[in-house]
Amino acid sequence: MAQLGSFALLLALALSGYAFFAGGLALWRAAVPAPAGPGYDPQIDLTRRRDGGAAAAQGPDRLRETARRAGIAIWLTVTVAVIALLVAAFTNDFSVAYVAHHSNITLPAAYKFAALWSGQEGSLLFWSWLLATYGLVLRLRYKTDRRLFAYAGVILAGVQFFFQLLLVFAAPPFALIAGTPPADGNGLNPLLQYPEMVIHPPMLYLGYVGFAVPFAFALGALIMRYPGEKWIHITRRWTMVTWLFLTCGIFLGMHWAYAVLGWGGYWGWDPVENASVMPWLTGTAFLHSVMMQEKRGMLKVWNVWLIFCTFMLSIFGTTLTRGGLVSSVHAFAQSSIGDWFLGAAGWSGEPWKSVPYYVPGFLTIVFAACLYFFIRNRDHLKSENRLESLVSRESSFLFNNLLLLAACFVILWGTLFPILSEWVQGTKVTVGPPFFNRVELPIAMALLLLTAMGPLLAWRKTSVESMKRNFGLPAIAAAVTMAAMVAAGVRPWVDAGSFYALMTVGLGVLVAATVVMEFVRGGRVLAAHNGVNLAAGMLQLTRRNTRRYGGYVVHIGVALVVVGMAGLAFNQDKEQEMGYGDKLAIGRYTLVCRSYTQGQSEMVAGTTDPNYDYEAAIVDVFRNGKLVTTMYPEQRFYHSSRQPQHMVAIRSTPREDLYIIYAGQNPDTGRPIIKARVNPLVMWVWVGLLVMALGTAVALVPSVAAAKLARAAKPAPVRGRLAQQPATAATASLAAASQTGEAGD
Amino acid sequence: MTIAACALLTLAVAIYVFWLHDDGDAGEVKTRLAYLKERKDVVYENLRDLNFEYKAGKLPERDYASLRDSMEQEAAAILAEIEKLELQHQLGRA
């Protein structure tokens, strides 16, 4: 199997090289214009090329088609390699070094599967497979726009080629163990032996890798000077799906950190967490600002650079995770492959005759290519309209973008600060959560305010009267909520935590209220027009423009997430040695230690796993003297890796989480230590994610109007008639009015 | 066995990639006219949204009239250019 896997990867390298170089050559040959001698008619030449009638034109087209097919074949070969590695893991083939290092005989099947992305070589293989899968879908859908898809396919092939080079030369997943293979493997890192770890990395990778597709289209459209914004329309769903995967990946990672790491929080500003959120921020900015390009033909330069940066930050995230650039609790597979991504600099020769050198890495090459094509074709990205007012939908998107980029820059700065400080001062200075919280919280507040304001502002300009009309009710709802919080005992003037909690909840309510108003107002119009009730009207409204109203649902999800996060200001924690019958009071709860247990496979929670031993506390939880539940925090000891791991017990309610950790025994007294926390509102963070996912799913469904237009295929007669009339403002008005009536249904 | 599997994989890939049944259609070259037609659809959609927002009570009458005028001007300019290009195209054919 190892030989077959290695061979398949070699073949994939050859195919991706062919798809990139031959595809690039074909596009270059097709783009070079024929000599314009006497009697040359470009229209005839164009027709000849389109028809494929001339031998000269056939060459590039056939070459390009072979490149497309090679791109499809990459998927087959990388899939063979993935299957080969999985077979090696499931058959305990410890002659393969990767399997010996990341699996063992008693490892449960789900984790053997997850071992595929648990180490460096496997995760790069998985990255490559996901990219090949995205490429497969893209190349199969090439008839949508053959030329644009050909450019995007070649760019994707270039990215694939780099990852195949890595897999063949830098991190081969099928390397064999030197000497006799071990009888058993080292097993999977205990931190990764948690159900969510089976889906968290794939989600994150689907997000990282997925941004390669809009990147490829954006760069392809720039290279070929593609007229118009159709490439955005084509990539809209790709981008939304990718964004959803990345969002889910980040939140699953947060939940994993919350449930496994045992420190009571879900976000620690760790470099690898930061690496995942940076492309998310720029991707979110892109999703918003492309609307300005689609609707108004504005911000074209901004948008291409946003998606370029998003892709580069995705690659940078992979570099951080895999390259060992900065230390992180998450970097499970560090190595020196960072040079492949960032390049290698140094001095050649002896010190007295040394010459500085720099071998560019993948990121450098990508940046250089983006910059080159941008400079060459920047006139193609000229805006068609200008910002008319600072109080408009456009400006709210612009400010939203600036804030998202500011948030991204702060995170990048903080993440790289240890490296930068070492370069400048010679000592590594690490930036911790207080720095990030101090800078990011005000940015998040401003972003929330814009999230609330954006939908209520009109395109082009918004008058004071319009603002009064739209903001009155939501502002009252937010003010009443904040007043109620103060009445309930929140004192924003006492500490910053309470202040931010109050502001966050207030702004969250403002966001939710504006979205509800949008639904109710639009729903009323359709309800009155179509003679249905308000709920049906709102449903019709959503179906009529799924992208917009799905987006609003995502905003509600964001509001729920931030309200959940506001609970952080009111966390409580206690730690105590607890013998049998000892009590610990925290918040509204009283914990009573009933017993302790230990064993191997018969777990108190009902699972069986011979992979580890455990010790668990049995804790009864009382509220107002009544038994509420019994919880089983435990500590595991994994045989293969000889490492301990906490399994936190969590009781989650809409109001708060009760979070109990069995922290082992005090070595001095021999008594077990129990740590307990009450974390208010945490459930809303996860509910918010579900709502965001629901909103994105709605936005992915084609709108009824778009589906109607697609079915109609031909323009309506009235529009055709209007198009024959002289083009004046009145004609345009009539034409638009005819469409308004059509869409008002 | 492994060698046979590798040979089979290579053969299958080679046949798929290089055995072409057609010439690989290059596809249409997108023209300015096609782009303008797309743009026209977008501006009409913007007008439709504006009308809907007005009906929903989000916009005062004055704002609505001013925005509609501005969008109609944009639509008219696009329609005029479409007309011009179509006329040129027809003349070219004649």
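Reminder, nothing fancy here: chain letters follow the sequence lines and each chain counts from 1. Nothing here was measured: the structure is a model prediction, and the numbers come from that model.
- With contacts defined as side-chain heavy-atom distances shorter than 4.5 Å, the pair A/Ile72/B/Val17 does not qualify.
- Of the N and O atoms on the side chains of B/Asn46 and A/Lys295, at least one donor lies less than 3.5 Å from an acceptor on the other residue.
- Within a 6.0 Å radius of CZ in A/Arg547, other residues, nucleotides and ligands contribute more than 12 heavy atoms.
- Rounding to the nearest 0.5 Å places CZ of B/Phe52 at 11.5 Å from CZ of A/Arg521.
- Looking at heavy atoms from C-beta onward, A/Leu4 lies in side-chain contact with B/Cys6 at the 4.5 angstrom threshold.
- Interface check for chain B: of the options A/Arg296, A/Arg524, A/Gln3, the most heavy-atom pairs under 4.5 Å are formed by A/Arg296.
- In this structure, CD on B/Glu53 lies 8.5 Å from CG on A/Asn470, to the nearest 0.5 angstrom.
- Remark: side-chain polar atoms of A/Arg469 are paired, donor with acceptor, to backbone N or O of B/Gly57 under 3.5 angstrom.
- Counting heavy atoms of neighbouring residues, nucleotides and ligands inside a 6.0 Å radius, atom NE2 of A/His233 does not exceed 12 of them.
- If you measure heavy-atom distances from A/Ala8 to chain B, the contacts under 4.5 Å come from both the backbone and the side chain.
- No side-chain N or O of B/Arg62 forms a donor-acceptor pair with one of A/Ser463 less than 3.5 Å apart.
- For a residue to count as touching a neighbouring chain, one of its non-hydrogen atoms must lie under 4.5 Å from one of that chain's; by this rule A/Leu148 does not touch chain B.
- Contact annotation for B/Ser66: only side-chain heavy atoms (C-beta onward) come within less than 4.5 Å of a heavy atom of chain A.
- Of the two parts of A/Glu518, only the side chain, counted from C-beta on, holds a non-hydrogen atom closer than 4.5 Å to a non-hydrogen atom of chain B.
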Worked verdict on B/Lys58 versus A/Ser466 for side-chain contact (heavy atoms from CB on, under 4.5 Å): CA-CA 7 Å; B/Lys58 278 179 73 177; A/Ser466 170; over 6 Å; no
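- The minimum heavy-atom distance between A/Glu229 and B/Tyr35, with the atom names listed, is OE1-CE1, 4.1 Å.
- A/Glu388 places a side-chain heavy atom less than 4.5 Å from the side chain of B/Ser70.
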Checking B/Asp63 against A/Lys461 for the salt bridge (charged side-chain N to carboxylate O under 4.0 Å, His left out) test, could you report, in this order, the C-alpha distance in whole Å, the side-chain angles of both residues, the deciding distance, and whether it holds? CA-CA 8 Å; B/Asp63 287 12; A/Lys461 57 188 173 190; over 6 Å; no
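- In terms of heavy-atom pairs under 4.5 Å with chain B, the best-connected choice from A/Gly297, A/Gly523, A/Ala528 is A/Gly297.
- Using a 4.5 Å cut-off between heavy atoms, A/Val80 touches chain B through its side chain atoms alone.
- A distance below 6.0 Å separates the ring centres of A/Tyr18 and B/Phe18.
- One distance of note links CD of A/Glu294 with CD of B/Glu45; it measures 8.5 Å at 0.5 Å rounding.
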Would you check, one step at a time, whether the test side-chain contact (heavy atoms from CB on, under 4.5 Å) holds for A/Phe7 with B/Thr2? CA-CA 10 Å; A/Phe7 181 80; B/Thr2 306; over 6 Å; no
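- With a threshold of 4.5 angstrom between heavy atoms, A/Lys230 approaches chain B through its backbone and through its side chain.
- Applying the side-chain contact (heavy atoms from CB on, under 4.5 Å) criterion to A/Val391, with sequence neighbours excluded, gives A/Ser389, A/Leu457, A/Thr462, A/Met467.
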Step by step, would you call B/Glu74 with A/Glu384 a side-chain contact (heavy atoms from CB on, under 4.5 Å)? CA-CA 10 Å; B/Glu74 192 180 346; A/Glu384 287 152 47; over 6 Å; no
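- Contacts of A/Leu11 with chain B are made by side-chain atoms alone, with heavy-atom separations under 4.5 Å and no backbone atom involved.
- Heavy atoms closer than 4.5 Å to chain B are found nowhere in A/Leu10, neither backbone nor side chain.
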Kindly indicate, with the supporting measurements, whether the criterion side-chain contact (heavy atoms from CB on, under 4.5 Å) is fulfilled by A/Trp459 and B/Asp49. CA-CA 10 Å; A/Trp459 288 98; B/Asp49 283 348; 5.6 Å; no
